[in-house]
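First comes the structure, then the notes that go with it.
Computation of the quantities below employed the complete heavy-atom set of this structure, encompassing side-chain atoms and omitting hydrogens, waters and symmetry-equivalent molecules. Whatever order the structure lists ligands and atoms in, that order sets their numbers, starting from 1.
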Amino acid sequence: MPSFHPPLRVLMGPGPSDVHPRVLAAMARPTIGHLDPAFVGLMDDIKALLRQAFKTDNAVTFPISGPGSVGMEACFVNLVEPGDTVIVCRNGVFGGRMKENVARVGGVAVMVDDPWTRAVDPQRLEDALKANPQATLVAFVMAETSTGALSDAKTLVEIAHRHGCLAIVDAVTALGGVELDVDGWGIDAIYSGTQKCLSCPPGLSPISFSERAVEKIKARKTRVASWFLDLTLVMGYWGAGAKRTYHHTAPVNALYGLHEALVMLQEEGLENSWARHEHHHRALRTGLENLGFEYIGKDGARLPQLNAVKLPAGVDEAKLRSILLNEFNLEIGAGLGALAGKIVRIGLMGYAANNRNVMFCLAALESALAQARSATPVAARA
Ligand code: PLP
């Protein structure tokens with residue numbers, strides 16, 4: 001078997017997105033022990049940098065070893081006890097996964113369904129909370145990657161609190177790409193992923209829990225069903241200073257990468273990163289509309305970093321993506337569920353949100369569109 005050398009792609013799908021060369025270089029540095037004092041210092045720096053990225057002072061802020069789905073599980077397995085009622089807002093694929101998490105820990109999920117492509121409707125949440133006064137938690141996806149919908153997290157959290165509930169927020173695609181203020185909006189538990197707007201490879205899930213959420217975990221009547229994700233145990237590892245005890249072997253080099261990505265976010269400035277995503281989204285949007293693509297979803301509730309667009313008439317979706325991948329080394333995403341075959345999802349996430357990618361993507365699309373409408377690829381016709 002020869003060594004594996006991946007093709008050089010431009011990643012403009014729903015994630016993973018292009019990884020910054022500085023992050024790749026950081027990950028190639030020598031591995032040290034995960035209890036080495038130098039590594040313990042790195043863990044403290046990562047926590048401080050993550051607090052800045054999330055805009056929080058929460059002591060419980062650190063990356064879970066595992067992808068975004070593990071961050072999601074960490075929230076539900078720690079905060080939901082058997083019999084608890086959780087209001088789950090679903091406006092795409094990932095709200096459905098939250099429901100599954102609630103059910104698997106013995107909770108009762110009350111679903112608030114909004115049409116896919118739309119943001120979560122605050123009024124529907126309010127109605128569900130009035131109808132279910134026994135609910136203790138509200139969960140929703142702030143940035144729905146399956147549709148590109150951006151929900152108003154500040155308002156949804158405020159409604160949850162008014163009804164005595166804590167709020168769990170999925171920020172896998174949100175963090176670094178759109179405004180997010182964990183303390184300012186009072187979010188109780190939040191999780192993200194490294195492979196979207198942080199310019200890192202997949203594999204880590206930054207989380208943050210408020211003091212209220214930690215109190216709720218401490219007051220549990222039942223043991224957390226997962227040993228690995230029991231926050232009280234993981235915090236013995238990620239908690240403050242020299243008392244750190246072995247819990248699991250952290251993915252040392254992946255954490256070098258996350259550290260570098262967070263340093264770059266700090267250098268750029270969080271607000272500047274949000275503005276950069278918006279700036280390139282506008283340019284891409286103008287070009288896509290000129291090519292005949294139509295955005296799904298409503299103005300003001302769309303993610304700049306995930307452009308979900310209907311195809312121009314007569315274009316074969318799978319063929320379009322395959323031409324882009326094979327002839328241009330450009331990856332874009334397919335539609336999921338009911339939107340499969342009808343839309344494509346074009347990511348502008350993290351390092352991938354730049355002028356060069358916008359121009360390259362539009363030029364490649366213009367060329368590929370002509371082929372995806374006709375039966376024969378250009379190469380075969382030449
Ligand atoms: N939540 C959202 C909104 C996502 O977009 C994703 C992945 O795309 C996940 C959760 C799951 O993250 P992962 O695939 O890293 O496990």
Pairing residues for Y295 by the ring pair (Phe, Tyr, Trp, His ring centres under 6.0 Å) criterion, not counting sequence neighbours = H281
Identify, with sequence neighbours excluded, every residue that meets ring pair (Phe, Tyr, Trp, His ring centres under 6.0 Å) alongside W116.
-> none
Look at atom CZ of R223 and say whether more than 12 heavy atoms of other residues, nucleotides or ligands are closer to it than 6.0 Å.
-> no
Test item: R220 side-chain N/O and V80 main-chain N/O as donor-acceptor pair under 3.5 Å | yes
Got a list of side-chain donor-acceptor pairs under 3.5 Å for residues 64-76, not counting sequence neighbours?
residue	atom	partner	partner atom	Å
S65	OG	H248	NE2	2.7

Answer yes if the side chains of H161 and D188 hold a donor-acceptor pair under 3.5 Å, and no otherwise.
-> yes
Lining ligand 1 at under 4.0 Å, by non-hydrogen atom distance, are residues P67, G68, S69, F94, V141, A143, T145, D170, V172, T173, Q195, K196
